[in-house]
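Remember, it's 1-based here, ligands and their atoms both numbered in the order they're listed. Only heavy atoms go into these numbers, but all of them, side chains included; no hydrogens, no water, no symmetry mates.
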Amino acid sequence: MDPIPLVHASLGERELAAVAEVFASGWPAGQGPKGKALEDQLARRYGAGGAVAVSNCGAALHLALLALGVRPGDEVIVADYTFPAPAHAVRYLDAVPVFADVRPGTGTVDPESVADLLGPRTVGVIAVDTVGLPADYAQLRPIVDRHGLFLVEDAACAVGATYQGREAGALAEVACLSFHGRKGATSGEGGALLSTDPAIAADARLRSSFGIGSIFDSSKVVGLPIPEFTEIGYNFKLSDIAAAILTVQVDRIDELLARRNAVAARYAELLADEELLTLPEVPDDRTHAWQTYAVTLDASVDRAAVAADLRGQGIGCGHGTWASHLQPVFEAKQECPVSADLFRRHLAIPMHAELRPDQVERVAERLRAAVRAHVRPQRT
Ligand SMILES: *Cc1c(COP(=O)(O)O)cnc(C)c1O
């Protein structure tokens with residue numbers, strides 16, 4: 001039996017051809033012609049005031065918080081159930097991440113929990129489109145507006161998803177995308193910051209290149225203007241090699257998502273009647289990007305045993321994502337019981353655009369057998 005990996009990036013001939021163009025151009029570094037082409041493409045797709053190509057989504061979050069003026073000691077409310085990049089970004093600025101619990105069905109940040117955590121030092125909120133499903137922006141918007149806070153959308157997993165007819169990545173004044181190899185569009189590593197306000201994007205672009213403009217641009221200027229370093233910046237630029245790959249991948253978002261949608265629909269058909277697991281909930285007003293397909297196992301099922309069983313048969317699986325507040329680095333004294341529960345019970349099963357129908361059927365069949373085989377004896 002062929003192994004069925006949890007993830008598999010869809011990179012092919014078109015991406016290779018785009019890379020060959022960069023080799024021929026002689027400019028593989030960042031902020032060159034391919035980087036600009038990608039930024040224009042992203043700004044158009046998302047109707048953004050500005051788009052900045054950066055080395056990864058962690059860097060995009062860091063730049064977003066810098067541009068939004070977060071200062072040491074400020075509190076930023078972050079969605080708890082996620083790859084904990086938002087809380088890391090808050091800590092990069094010596095600010096304080098405050099963890100908001102999530103909704104049980106969707107795993108997205110619970111607006112009521114956000115409202116409960118507001119305090120005098122709160123400056124903003126980072127919502128996460130959890131494993132590809134947009135959060136409740138219609139409920140979050142009035143909360144942040146009433147208190148004059150910023151709202152950042154971590155859309156790392158959500159390329160192609162929609163919320164009330166709008167594109168994920170355009171649901172808040174600043175959004176951050178990831179193009180890591182496990183996301184729906186990828187250049188191996190990569191990311192982008194999107195902003196409605198061109199000034200935020202310009203600030204992020206400048207700080208992403210040690211605080212000076214594009215070296216490619218200054219090499220084209222007649223004369224010898226020498227940029228001055230006036231602030232401490234970073235090197236968060238995306239190479240033009242990666243940007244070239246992404247110009248193709250961004251063009252393919254809808255094609256690749258259609259294939260992941262078909263996989264999700266088939267899993268739902270095959271597993272809907274299994275009482276020992278709950279399928280992911282997608283509210284009517286939004287669509288999922290299916291970065292991950294996570295089922296919630298019944299509390300009686302031994303998840304580690306199920307995972308070992310599946311992996312033993314060559315079927316990739318994993319936990320869903322992280323309960324951030326439980327990660328030792330944050331020394332959080334808060335509780336987020338819903339997030340903690342999903343962290344214990346979620347099981348991610350293979351989801352990518354290369355899965356064949358027979359593989360999807362095999363996963364569903366083996367998963368069903370494994371959960372039934374690993375119900376813990378009930379204590380009475
Ligand atoms: C993957 C991920 C990130 C980090 O993305 P990188 O590009 O690897 O830095 C940030 N936030 C969320 C929600 C993610 O899933």
Can you list the other members of the hydrophobic cluster that holds L38, where links are side-chain heavy atoms under 4.5 angstrom apart? L42, Y46, V159, L177, F179, L194, L238, L246, V250, I253

Could you tell me whether H88 and F330 have their ring centroids closer than 6.0 angstrom? yes

Pairs under 3.5 Å, N/O atoms on ligand 1 and on the protein: can you put them in a table with the distances?
unit_1   : atom_1 : unit_2 : atom_2 : d
ligand 1 : 5 (O)  : S178   : OG     : 3.3
ligand 1 : 7 (O)  : C57    : N      : 2.9
ligand 1 : 7 (O)  : S178   : OG     : 2.7
ligand 1 : 9 (O)  : C57    : N      : 3.2
ligand 1 : 9 (O)  : G58    : N      : 2.9
ligand 1 : 11 (N) : D154   : OD1    : 3.3
ligand 1 : 11 (N) : D154   : OD2    : 2.7
ligand 1 : 15 (O) : K183   : NZ     : 2.7

For residues 5-24, which residue pairs qualify under salt bridge (Lys or Arg N to Asp or Glu O under 4.0 Å), counting only residues two or more places apart or in two chains? R14-D251, E15-R252, E21-K34

Note: with side-chain heavy atoms under 4.5 Å as the link, the other cluster members for L206 come out as none

In terms of side-chain heavy atoms, does S300 have a donor or acceptor partner in D298 at a distance below 3.5 Å? yes

Are H288 and Y293 near enough that their ring centres are under 6.0 Å apart? no

